[in-house]
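One structure below.
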Amino acid sequence: MNPLDFSVLWRGDYPALIARGMVTLLELTAASWVLAMALGTLLAFIRMSRSRIARAFVATYVEYHQNVPMLVQIFLWYFGIPTLLPQDWQMWVNRNGGEFIFAFIAIGLAMAAYVSEALRGGIRAVPATQLEAARALGLNFLQSFRLVVLPQAARIALPALVSHTVLLLKNTSLAMAIGVVELTYATREIESQSFRTIEVYLFSTVVYLALTLLIMWGGSRAEARLRLPTR
Amino acid sequence: MQDILAILRDYGMLLLVGQYPHGPVGGLVITLALSILGVALAFPLGVLMALARISPYAVVRLPAIAVIAVVRGVPLIMFIFWVYFFLPVLTGRPISGFTTLLVTLVIYEAAYLAEIVRAGIEGLPKGQMEGARAVGLTYMQAMRLVILPQALYNMVPAMLGQFVSTVKETSLGYVISVNELTFAANQINSILLTKPFGVYLILALTYFAVCFTLTQLARMLERRIARRRAGARPSTPAASPAATVPASQNA
């Protein structure tokens with residue numbers, strides 16, 4: 001085999017393709033992360049409700065998203081859902097980068113299930129007296145949740161949330177299956193044009209590894225900074 | 001609804017067994033075969049990696065830490081491509097998609113199983129090792145006869161959870177055209193063309209049926225094991241740190 005030659009990555013339009021792949025990877029990760037965190041928090045909140053129907057709804061949501069492969073969920077959204085939409089919606093979605101939108105929805109909704117489970121674990125670990133005390137001080141239920149329970153629950157759930165963030169970033173690679181030009185797609189494209197397999201794959205593998213290590217490092221920093229003095 | 005029943009009637013067998021008996025076996029059978037073989041072959045490797053990971057010798061420990069960190073930090077799809085390109089180079093002959101995916105899964109799952117086994121070992125009271133050493137067993141004997149049997153038993157639910165992850169991960173075989181369940185559904189979709197929602201809904205529900213059943217089984221086992229441990233040693237609450245099923249962590 002030829003000696004490694006990483007200069008191939010700078011040839012022709014490869015740098016642009018790599019840059020596009022990395023930007024899309026980060027955009028998809030960030031967008032899905034925000035959706036997952038927001039919806040996950042909402043679901044965890046609903047799960048605390050006294051209504052059995054509301055709790056069963058969240059439980060079903062969580063079980064579906066945790067027991068179906070992410071790739072299949074992406075396929076269902078990308079290939080299946082548009083056929084149920086009105087014609088002009090379909091056209092709008094296709095014109096505005098449908099792959100990205102559906103990958104974002106599928107990944108965000110699926111990861112919301114994991115986030116809500118992590119937060120639920122955190123909420124259960126907060127003593128019930130915290131909520132009772134907050135209510136006794138005159139806060140309403142929503143205020144008690146937002147100001148007293150959630151900040152403590154999120155701290156307890158932080159390690160799980162960090163590992164789910166890593167998982168989310170890794171799962172964005174599945175978007176290549178529906179043609180989103182993220183890093184894995186770009187890698188495959190450059191490999192098939194240049195045949196410099198090792199160089200190209202090594203580059204992307206190192207990028208993924210660096211990003212996941214960065215998230216884990218950031219997570220442990222956050223854990224140390226947010227730790228409550230009493231715990 | 002009518003659509004879904006029609007698809008099931010016409011293509012149900014293709015989803016279950018592929019083209020068998022008129023062609024190669026595929027579909028759900030291959031998905032399950034890949035998962036079972038993958039986890040079964042990864043298990044001994046995972047135990048060895050776990051032992052290396054907690055070894056007192058840095059020469060053994062550091063490579064294990066590195067391998068586990070790399071596997072957990074890189075998307076599975078990347079590993080599939082690595083094996084896809086380099087396994088044929090290493091062995092000098094063409095490799096089927098099935099073997100490619102199986103080899104990838106064995107490496108990938110071994111790293112995850114290693115972390116589960118490690119959590120199981122570290123979740124045991126220190127006295128177990130000290131007691132075993134005190135009665136004269138060597139380190140390896142103590143591991144083999146005292147620590148591992150307990151650690152592995154406690155970790156059965158978590159390993160079942162990892163098996164569920166593996167079932168879901170085999171869907172990535174689609175990108176290298178392994179003839180498994182997701183691939184079969186894509187075939188059906190390209191035959192029918194106009195019923196993507198029905199086809200992929202059936203696909204999702206099939207995975208759900210398999211994985212949800214196994215997840216529930218894991219939870220049942222977890223409760224039983226927790227009860228048994230609590231009963232055996234009433235003084236220590238059944239609180240091994242990782243004894244909760246991490247409701248299947250992956251893809």
Side-chain angles (χ1 to χ4, degrees), chain A residues 1 25 62-84 110 113-114 117-118 121 160 163-164 166-167 169-177 182-185 187-188 191 197-198 200-202 204-216, chain B residues 31 66 69-82 84-86 89 161 164-175 181-182 185-186 189-190 193-216 244 246-251:
Chain A
M1 235 184 280
L25 158 70
V62 168
E63 293 298 345
Y64 170 79
H65 286 92
Q66 290 193 340
N67 285 299
V68 173
M70 182 81 84
L71 184 65
V72 174
Q73 295 179 36
I74 292 175
F75 282 158
L76 186 58
W77 275 98
Y78 181 66
F79 294 117
I81 299 297
T83 57
L84 305 179
Y114 290 86
E117 280 295 274
S163 81
H164 291 333
V166 169
L167 185 61
L169 181 123
K170 294 202 292 175
N171 278 338
T172 58
S173 62
L174 302 180
M176 67 151 274
E182 43 68 70
L183 186 59
T184 306
Y185 189 101
T187 307
R188 220 159 75 127
E191 194 277 336
T197 314
I198 299 189
V200 181
Y201 275 95
L202 204 55
S204 307
T205 303
V206 169
V207 170
Y208 275 115
L209 201 55
L211 288 174
T212 50
L213 289 176
L214 190 68
I215 292 173
M216 288 194 251
Chain B
T31 291
V70 168
V71 168
R72 295 174 74 103
V74 176
L76 178 59
I77 218 169
M78 274 284 164
F79 276 97
I80 294 177
F81 287 134
W82 275 108
Y84 181 78
F85 286 116
F86 293 108
V89 176
V164 173
S165 291
T166 312
V167 172
K168 295 192 291 171
E169 281 159 358
T170 57
S171 64
L172 300 197
Y174 161 81
V175 296
L181 186 58
T182 303
N186 274 288
N189 185 43
S190 49
L193 282 175
T194 55
K195 306 267 183 289
F197 183 74
V199 171
Y200 288 108
L201 188 64
I202 292 173
L203 178 64
L205 294 179
T206 312
Y207 275 111
F208 182 80
V210 173
C211 295
F212 183 68
T213 312
L214 290 169
T215 311
Q216 292 304 103
T244 44
S248 61
Q249 312 179 339
N250 267 291

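Order of the sequence lines sets the chain letters (A, B, ...), proteins ahead of strands, with each chain counted from 1.
For A:M176, the part sitting under 4.5 Å from any heavy atom of chain B is the side chain, from C-beta outward, and nothing else. Heavy atoms closer than 4.5 Å to chain A are found in the side chain of B:Y174, but not in its backbone. When heavy atoms are compared at a cutoff of 4.5 Å, B:F208 approaches chain A by way of both its backbone and its side chain. Only the backbone of B:A69 comes within contact range of chain A, with heavy atoms under 4.5 Å apart. There is no contact between A:L213 and chain B, counting heavy-atom distances below 4.5 Å. For A:T83, the part lying near chain B is the side chain, with the backbone staying farther off; criterion is any non-hydrogen pair under 4.5 Å. Contact annotation for A:I215: neither backbone nor side-chain heavy atoms come within less than 4.5 Å of a heavy atom of chain B. Contact annotation for A:Q73: neither backbone nor side-chain heavy atoms come within less than 4.5 Å of a heavy atom of chain B. For A:L202, the parts sitting under 4.5 Å from any heavy atom of chain B are the backbone and the side chain alike. Heavy atoms closer than 4.5 Å to chain B are found nowhere in A:T172, neither backbone nor side chain.
Counting only heavy atoms from C-beta outward, the side chains of A:I198 and B:F86 approach each other to under 4.5 Å. Side-chain contact between B:F79 and B:V70 is present, with at least one heavy-atom pair separated by less than 4.5 Å. Contact check for A:Y208 versus A:L25: side-chain heavy atoms found under the 4.5 Å cut-off.
No donor-acceptor pair closer than 3.5 Å links the side chain of B:N189 to the backbone N or O of B:A185. With hydrogens and angles ignored, the 3.5 Å screen pairs a side-chain donor or acceptor of B:T31 with a backbone N or O of B:L181.
Taking CG from B:L205 and CG from A:N67, the interatomic distance works out to 11.5 Å, rounded to the nearest 0.5 Å. Distance CG/B:L201 to CG/B:L203: 9.5 Å, rounded to 0.5 Å.
Among A:S173, A:A160, A:A110, A:G80, the residue making the largest number of heavy-atom pairs under 4.5 Å with chain B is A:G80.
Heavy-atom neighbours of B:Y84 OH from other residues, nucleotides or ligands within 6.0 Å: at or below the threshold of 12.
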